[in-house]
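Each remark here refers to the structure printed beneath this line.
Heavy atoms only: backbone and side chains are in, while hydrogens, waters and symmetry mates are out. Quick caveat, the model's predicted, so the values are computed rather than measured. Numbering of ligands and ligand atoms starts at 1, following listing order.
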Amino acid sequence: MSRTPFIAGNWKMHKTIAEAERFIAALLPKVSSTDGVEIAICVPFLALQAMVDSARGSRVEVFAQTMHEAGEGAFTGEVSAAMLSEVGVTGVVLGHSERRELFGETDRSLQLKVPAALEAGLTPILCVGETEDERERGDTERKLRHQVQEGLEKVPRERLTEVVLAYEPIWAIGSGRVATPEQAQDAVAFVRALVAGFDKQAAAGVRILYGGSLKPDNAEELLGLPDVDGALAGGASLDPDSFARIVEIAQALAVA
Ligand code: PGA
């Protein structure tokens, strides 16, 4: 089954609305002729509406970086899936390691968030990955098994391919220490095998991204790996030139 490459940028807590508008104005002409690569930028809540307006009619989708699992309720500071889709957002990052580690996001809540996102018509990017300690202890697969199984547990089987997974080794995020191609391929193939545990056909169609210090310089070897279907780039997505370069590399590999 052929899988459309997916390049997502995760801005984290960067860019005001004015900065976001400057970014998208610079990015759009660079990716306007891109074909066959899905492109998304995951931006802070306050910049979502402006980004949706500026990117309308282009190839660039606008995603949020988190959401609450409930439809509505007494959850001060939170945002629901319906609120995101109302402004024209088409997807959301779920379970990023920074949300898990710094803001207490749990596998239990992700079990509800992933299907809630799908229900609202959003594409979830479910992030999984091990710490350096877990890798050194030989616990990488155990961690990934737990996170993937919990996160996908309540997703209807026929909708599994609508979920995008992102393998992000925590030790590689923002550290400049990128996973080796072998580490990335092994982990991503393992995640695909875990999806096969739910549904074999879905495993062939589901897209799995690599994230963690991915830059234009190392994108080709990572995006060229057989099981890696794209990237979730943090730092490299803040600059329109470097983000566009990653998109170009993905496109060149897709037509090769
Ligand atoms: P990085 O971040 O590319 O800056 O390492 C990736 C991420 O956290 O999604």
Sidechain N-carboxylate O distance under 4.0 Å for D217, R245: no
Note: E105-R100 ion pair, threshold 4.0 Å (strictly below): no
Residue part near ligand 1, for I173, under 4.0 Å between non-hydrogen atoms: both
Contact check, G211 vs ligand 1, heavy-atom distance below 4.0 Å: no
Residue, atom name and distance, where the atom is the protein heavy atom closest to atom 4 (O) of ligand 1: G235 N, 2.8 Å
Within-cut-off N or O pair, A233 and ligand 1, under 3.5 Å: no
N/O separation below 3.5 Å, S175 to ligand 1: no
No-hydrogen, no-angle side-chain donor-acceptor test under 3.5 Å, Q111 and D107: no
Any V62 side-chain heavy atom under 4.5 Å of T90 side chain: no
N-O pairing of R177 and E132 below 4.0 Å: yes
For H96, the ligand 1 atoms whose distance to one of its heavy atoms is below 4.0 Å: 7 (C), 8 (O), 9 (O)
Any donor-acceptor N or O pair under 3.5 Å, side chains Q183, Y210: no
Distance in Å, L27 CG paired with I39 CD1, rounded so as to fall on 0.5 Å steps: 7.0 Å
Ligand-side contact atoms (ligand 1) for residue partner K12, heavy atom cut-off under 4.0 Å: 2 (O), 7 (C), 8 (O)
Any G212 heavy atom less than 4.0 Å from ligand 1: yes
Structural part of A172 in contact with ligand 1, heavy atom criterion under 4.0 angstrom: backbone
N or O pair under 3.5 Å between A236 and ligand 1: no
Atom 3 (O) of ligand 1 [closest protein heavy-atom partner, distance rounded to 0.1 Å]: G234 N, 2.8 Å
Which residue and heavy atom of the protein sit nearest atom 7 (C) of ligand 1, plus the separation: E168 OE2, 3.2 Å
Contact atoms of ligand 1, heavy-atom distance to G174 under 4.0 Å: 1 (P), 4 (O), 5 (O)
Non-hydrogen atom of K215 closer than 4.0 Å to ligand 1: no
salt_bridge(E38, R207) N-O dist < 4.0 Å: yes
Polar side chain donor-acceptor pair, W11 to Q65, under 3.5 angstrom: no
